[in-house]
Amino acid sequence: MLRKRRDYQAYLYLVPALLLMAVFTIYPVINTMLTSFKEGYRFLTGDFVKFSFQNYVDILHDPVFRRAIMNTCFIAFICVPVSMIVSLAIALMLNSIKRLRNFLLTLFYLPQVTNVIAAGMVFALIFNNNFGLLNMVLGWFGIDPVQWISGIGIAASEELYRQSYIKCLFVLFTYSLWSGLSLKIVLFLGGLQNIRKDYYHAASIDGTRKIKVLTKITLPLLSPTTFYVFITSVITAFKAYSQVVALFPDNFGPAGDNSKMMITIVGYIIDSLGDYLSEGAVSLASAAAVVLMFIIMILTAVQFRLSRRWVHYK
């Protein structure tokens with residue numbers, strides 16, 4: 001009897017959290033999914049023509065949405081792995097030293113506490129076509145200035161458009177790499193310091209080479225941390241928005257471009273909601289949000305499934 005009473009008390013304590021979750025998580029998700037099927041939905045009146053899959057057909061045939069998927073995948077599957085490799089290398093170096101470790105760790109952690117928009121504006125100035133720091137450095141070596149962020153005249157030539165797009169991807173890659181290092185370094189360093197020293201003592205007694213210690217001891221025992229960093233970084237990458245807006249404030253692209261060259265999926269959703277009073281705008285944004293949700297869910301499930309093969313828990 002006493003045990004049942006304690007169970008009821010535990011459920012009672014959970015009620016406020018469950019209510020908040022129902023109001024701010026479960027209901028919005030269900031409502032968004034329902035709205036995504038409403039064709040011709042009007043936000044102010046709630047009127048719509050019928051339930052159909054037309055909104056999904058429209059966004060999948062929209063070249064801007066396909067570009068948003070491509071840009072988001074670039075951040076998730078190119079920028080994230082590279083930033084993880086660089087972060088792991090830095091964490092290994094920090095773990096091997098004692099002097100100045102805390103100082104260097106503080107320096108590397110600064111991007112985490114820096115405002116995203118402010119940092120993006122700084123990078124936009126670094127890559128500025130006219131007075132950017134990078135072009136200034138290139139000028140010292142006699143290299144002509146590069147039009148890093150420019151969309152002027154690209155509509156007239158497919159080749160110019162492609163070149164401009166590649167340059168903008170490089171700018172986004174550089175910023176994503178810089179901003180993604182801080183937290184990953186801290187997490188990797190924490191994982192390295194939690195590995196028992198007995199393994200390394202045994203390896204040193206056996207005269208094991210350093211590369212083998214890395215591949216046979218460090219990386220396998222660090223795999224839970226690696227898995228956590230990877231899965232959270234991919235989820236965060238698929239929600240990318242602020243860094244793109246900071247780097248490309250002119251309609252999700254370089255100045256002079258009207259094709260929304262660098263838009264992401266979240267950017268597409270917010271851009272669609274910007275015209276929420278027009279017919280079907282909210283339902284299109286809802287359909288894009290549902291697609292994004294299912295992409296993240298599928299990728300997370302696949303990662304958990306594959307993690308059984310390479311993640312080794314102590």
Side-chain angles (χ1 to χ4, degrees), residues 70-116 118-127 132-134 137-138 146 148 166-195 210-244 246-247 262 264 299 303 306-307 310-312:
M70 185 167 59
N71 292 335
T72 305
C73 288
F74 172 80
I75 299 173
F77 301 122
I78 301 296
C79 299
V80 167
V82 173
S83 68
M84 287 184 63
I85 293 172
V86 176
S87 300
L88 178 57
I90 295 174
L92 288 169
M93 287 188 290
L94 290 177
N95 192 51
S96 64
I97 63 174
K98 292 183 179 180
R99 293 183 178 179
L100 299 178
R101 178 193 293 170
N102 294 333
F103 173 73
L104 293 173
L105 186 60
T106 302
L107 290 181
F108 283 118
Y109 192 74
L110 284 178
Q112 192 66 25
V113 295
T114 304
N115 183 273
V116 177
M121 293 175 65
V122 171
F123 269 80
L125 287 174
I126 292 175
F127 286 95
L133 177 63
L134 187 56
V137 174
L138 292 177
V146 179
W148 294 106
I166 292 174
K167 293 173 186 176
C168 291
L169 283 179
F170 177 76
V171 175
L172 180 60
F173 171 81
T174 306
Y175 176 79
S176 299
L177 179 62
W178 173 83
S179 63
L181 290 179
S182 54
L183 185 59
K184 294 183 183 68
I185 291 173
V186 174
L187 293 173
F188 277 131
L189 185 59
L192 289 170
Q193 293 180 345
N194 283 330
I195 297 177
K210 290 185 178 181
I211 186 65
K212 232 176 182 181
V213 172
L214 176 65
T215 57
K216 299 298 182 181
I217 297 177
T218 304
L219 293 182
L221 294 178
L222 193 64
S223 57
T225 303
T226 305
F227 174 64
Y228 172 78
V229 171
F230 181 67
I231 197 170
T232 53
S233 298
V234 169
I235 292 174
T236 303
F238 269 92
K239 297 187 292 182
Y241 170 72
S242 55
Q243 61 263 48
V244 176
L247 291 171
M262 302 305 299
T264 59
L299 285 174
Q303 290 170 7
L306 295 178
S307 68
W310 63 275
V311 177
H312 307 281

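Here the structure is a predicted model, which is why all the values come from computation and not from measurement.
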Backbone N or O of [Y] within a donor-acceptor pair of the [X] side chain at under 3.5 Å?
X      : Y      : answer
Asn95  : Ala91  : no
Ser96  : Met93  : yes
Ser176 : Phe173 : no

If you measure from [atom1] on [X] to [atom2] on [Y], what distance do you get to the nearest 0.5 Å?
X      : Y      : atom1 : atom2 : result
Ile78  : Leu177 : CD1   : CG    : 12.5 Å
Phe103 : Phe108 : CZ    : CZ    : 10.5 Å
Cys79  : Leu172 : SG    : CG    : 5.5 Å
Leu189 : Ile185 : CG    : CD1   : 9.0 Å
Leu94  : Leu192 : CG    : CG    : 9.5 Å
Leu169 : Phe74  : CG    : CZ    : 4.5 Å

Minimal non-hydrogen separation, [X] against [Y], with atom names:
X      : Y      : answer
Leu134 : Trp148 : CD2-CZ2, 3.4 Å
Ser242 : Val116 : OG-CG1, 3.3 Å
Phe188 : Met84  : CE1-O, 3.7 Å
Leu181 : Ser87  : CD2-OG, 3.2 Å
Val80  : Ala237 : CG2-CB, 3.9 Å
Tyr241 : Thr264 : CA-OG1, 4.1 Å

* Asked: Can you list the steps and then say if Leu214 with Leu92 is a side chain to side chain contact (heavy atoms under 4.5 Å, CB included)?
  -> CA-CA 10 Å; Leu214 176 65; Leu92 288 169; 3.9 Å; yes
* Given Val229, which of Leu183, Leu187, Leu88 fulfils the side-chain contact (heavy atoms from CB on, under 4.5 Å) condition? ->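 With Val229 as partner, Leu183, Leu187, Leu88 yield a single side-chain contact (heavy atoms from CB on, under 4.5 Å), made by Leu187.
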Side chains of [X] and [Y]: does their closest heavy-atom pair fall under 4.5 Å?
X      : Y      : result
Lys239 : Thr72  : no
Leu104 : Ile97  : yes
Phe77  : Leu299 : yes

For [X], look at atom [atom1] and say whether over 12 heavy atoms of other residues, nucleotides or ligands are found less than 6.0 Å away.
X      : atom1 : result
Lys167 : NZ    : yes
Tyr228 : OH    : no
Met121 : CE    : no

* Might you work through the side chain to side chain contact (heavy atoms under 4.5 Å, CB included) test for Asn71 and Ile75, ending with a clear yes or no? => CA-CA 6 Å; Asn71 292 335; Ile75 299 173; 5.7 Å; no
* Would you sort out whether Ser83 and Lys184 count as a side chain to side chain contact (heavy atoms under 4.5 Å, CB included), showing the intermediate values? => CA-CA 8 Å; Ser83 68; Lys184 294 183 183 68; 3.3 Å; yes
* To do: Show your working on side chain to side chain contact (heavy atoms under 4.5 Å, CB included) between Leu105 and Val186 and close with a plain yes or no.
  => CA-CA 7 Å; Leu105 186 60; Val186 174; 4.0 Å; yes
* To do: With sequence neighbours left out, write down each residue that passes ring-ring contact (aromatic ring centres under 6.0 Å, His included) with Tyr109, or none if nothing qualifies.
  =>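 For Tyr109 there are no ring-ring contact (aromatic ring centres under 6.0 Å, His included) partners, ignoring immediate neighbours.
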* Under 30°, 30 to 60°, or over 60°: which ring-plane class applies to Phe123 and Trp178, parallel, tilted or perpendicular? ->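 The rings of Phe123 and Trp178 sit tilted, inter-plane angle from 30° to 60°.
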